[in-house]
Amino acid sequence: MKHGLLIDMDGVIYSGENLIEGADRFIDNLLKNDIPFTFMTNNSQRTRLDAVRKLKLLGIEVTENHIYTSAMATGKFLGDQGKHGTAYVLGEGGLLTSLHENGISLVNTDPEFVVLGEGRNFTLEMVQRAVDMILAGAKFITTNRDPSPKKPGWSNLGIAATTAMIEEATGRKAFVIGKPSPVMMRSARKYLGLETAETTVVGDTMETDIQGGVQMGYKTILVLSGIAKKEHLSHYAFKPDLIVSSVDQIDFPLKWW
């Protein structure tokens with residue numbers, strides 16, 4: 001039975017613009033041993049090429065085939081809903097590309113879907129238009145529900161905040177595609193061509209990576225190089241299969257392989 005990894009990026013491979021020590025050796029080991037993996041990120045703004053270029057600057061050379069984003073999962077989901085779908089989009093880059101690749105037409109009137117992703121280029125006027133469309137019957141989709149880091153100087157309101165604003169204005173709950181939603185967790189697994197028992201998730205957040213993996217029946221590895229703190233793990237009703245300080249401490253083959 002083959003095995004593979006769904007790997008989060010920020011907090012696992014890098015922190016902001018800095019490589020987490022040993023992450024380059026970890027990925028090099030996967031490549032040398034032909035272990036299937038993809039970077040699974042909730043960021044819908046960045047294209048796959050953007051992600052590849054950022055990793056290369058940090059000393060990690062992979063291809064676009066190693067990247068799976070919430071934008072890709074969103075495009076596939078909407079494409080599977082039916083041919084010739086239409087969407088009004090509050091988002092940028094990777095999301096627009098993915099919707100186009102999956103046959104979704106981007107429109108400014110009477111859309112079937114309103115799709116929200118990360119971005120800084122849309123205005124409150126555009127948000128109000130989206131609200132009107134949802135009230136008129138459009139279905140509300142958000143690529144993920146990642147919270148703002150709540151840091152001074154942060155230049156992006158945060159998709160969770162924008163989602164909540166539209167939900168309050170419409171009285172409609174968004175259908176969320178990204179982690180920990182089963183939609184993305186399953187879609188990323190299938191992208192790698194793995195079965196449930198062959199899949200391991202590597203992440204730094206209990207609420208997204210680990211929770212999503214547990215709910216899908218995947219094995220999970222929590223790294224403590226990002227958001228999660230070891231002293232807080234007892235607060236959760238679920239637990240990862242393995243806890244390490246960083247990915248450099250992950251030894252292969254894993255004990256469940």
Side-chain angles (χ1 to χ4, degrees), residues 6-18 38-58 60 62-79 87-102 104 106 108 111 113-127 129-130 140-151 153-167 174-181 183-185 187-188 191 203-205 207-209 212 226-227:
L6 305 178
I7 307 169
D8 188 30
M9 299 176 75
D10 202 351
V12 176
I13 303 300
Y14 53 76
S15 178
E17 301 302 320
N18 300 310
T38 189
F39 292 110
M40 181 175 61
T41 173
N42 263 355
N43 189 308
S44 66
Q45 185 175 10
R46 186 181 298 139
T47 65
R48 290 201 289 176
L49 182 58
D50 291 335
V52 167
R53 285 172 172 167
K54 176 167 184 174
L55 290 167
K56 186 173 183 179
L57 289 174
L58 296 172
I60 295 175
V62 293
T63 70
E64 291 183 56
N65 290 333
H66 288 111
I67 309 294
Y68 197 80
T69 71
S70 65
M72 295 169 64
T74 301
K76 184 179 187 310
F77 175 79
L78 293 185
Y88 178 71
V89 181
L90 299 172
E92 301 170 13
L95 179 57
L96 301 177
T97 299
S98 180
L99 292 174
H100 176 74
E101 290 175 347
N102 284 275
I104 306 300
L106 308 184
N108 290 314
F113 300 96
V114 167
V115 182
L116 174 65
E118 292 92 346
R120 291 178 290 176
N121 294 333
F122 52 81
T123 64
L124 280 177
E125 181 181 354
M126 294 171 66
V127 171
R129 187 182 303 171
F140 183 26
I141 304 285
T142 187
T143 58
N144 66 82
R145 202 161 189 145
D146 287 358
S148 166
K150 300 174 180 64
K151 296 178 180 178
W154 185 249
S155 58
N156 192 333
L157 179 61
I159 191 168
T162 313
T163 299
M165 179 169 59
I166 295 175
E167 287 178 335
F175 184 75
V176 183
I177 300 293
K179 302 179 294 184
S181 167
V183 176
M184 181 164 177
M185 303 301 292
S187 183
Y191 175 76
D204 71 311
T205 57
E207 294 87 352
T208 54
D209 307 300
I227 292 176

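All residue numbers refer to positions in the sequence shown, counting from 1. Computed from heavy atoms alone, side chains included, the values below leave out hydrogens, waters and symmetry copies.
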What distance separates [X] [atom1] from [Y] [atom2], expressed to the nearest 0.5 Å?
X	Y	atom1	atom2	value
Ile104	Leu99	CD1	CG	6.5 Å
Glu92	Thr47	CD	OG1	12.0 Å
Ser44	Asp146	OG	CG	9.5 Å
Met185	Met40	CE	CE	4.0 Å
Leu96	Glu101	CG	CD	11.0 Å
Asn108	Tyr88	CG	OH	6.0 Å

[X]: what forms a ring-ring contact (aromatic ring centres under 6.0 Å, His included) with it, not counting sequence neighbours?
X	answer
Phe77	Phe175
Phe113	none
Tyr191	Tyr68

Short side-chain to backbone donor-acceptor contact, [X] and [Y], under 3.5 Å:
X	Y	answer
Ser98	Ala71	yes
Asp204	Ile227	yes
Thr41	Thr69	no
His100	Thr97	no

With distance as the sole criterion, is a donor-acceptor pair present between the side chains of Thr74 and Thr143 under 3.5 Å?
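Note: Thr74 and Thr143 side chains miss the donor-acceptor criterion.
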#### Entry: Residues Asn144 and Glu118: side-chain donor-acceptor under 3.5 angstrom
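Per modelled atom types, Asn144 and Glu118 side chains form a pair under 3.5 Å.
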List the steps and the verdict of side-chain contact (heavy atoms from CB on, under 4.5 Å) for Val183 and Lys76. CA-CA 10 Å; Val183 176; Lys76 184 179 187 310; over 6 Å; no
- Please test Ile141 against Val114 for side-chain contact (heavy atoms from CB on, under 4.5 Å), starting from the C-alpha separation and ending with a verdict. CA-CA 6 Å; Ile141 304 285; Val114 167; over 6 Å; no
Minimum heavy-atom distance [X]-[Y], with the two atoms named:
X	Y	value
Leu6	Ala188	CD2-O, 3.9 Å
Val115	Ala87	CG2-CB, 4.0 Å
Asp209	Thr205	OD2-OG1, 2.9 Å
Ala174	Thr163	CB-CG2, 3.8 Å
Ser181	Ile177	CB-O, 3.2 Å

Quick one, [X] and [Y] - any side-chain contact, counting heavy atoms below 4.5 Å?
X	Y	result
Thr162	Leu90	no
Asn65	Arg48	yes
Asn102	Leu78	no

In a table with atom names and distances, give each donor-acceptor pair under 3.5 Å that connects a side chain of residues 7-16 to protein atoms at least two apart or in another chain.
residue: Asp8; atom: OD1; partner: Lys179; partner atom: NZ; Å: 3.0
residue: Asp10; atom: OD1; partner: Gly16; partner atom: N; Å: 3.4
residue: Tyr14; atom: OH; partner: Arg46; partner atom: NH1; Å: 3.4

The side-chain contact (heavy atoms from CB on, under 4.5 Å) partners of Glu125 (sequence neighbours excluded) come to Thr123, Arg129
Original post:
What residues, two or more places apart in sequence or in another chain, satisfy salt bridge (Lys or Arg N to Asp or Glu O under 4.0 Å) together with Glu167?
Top reply: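 By the salt bridge (Lys or Arg N to Asp or Glu O under 4.0 Å) rule, Glu167 matches Arg145, Lys173.
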What's the verdict on side-chain contact (heavy atoms from CB on, under 4.5 Å) for Phe39 and Val62, showing C-alpha distance, side-chain angles and the deciding distance? CA-CA 10 Å; Phe39 292 110; Val62 293; 4.1 Å; yes
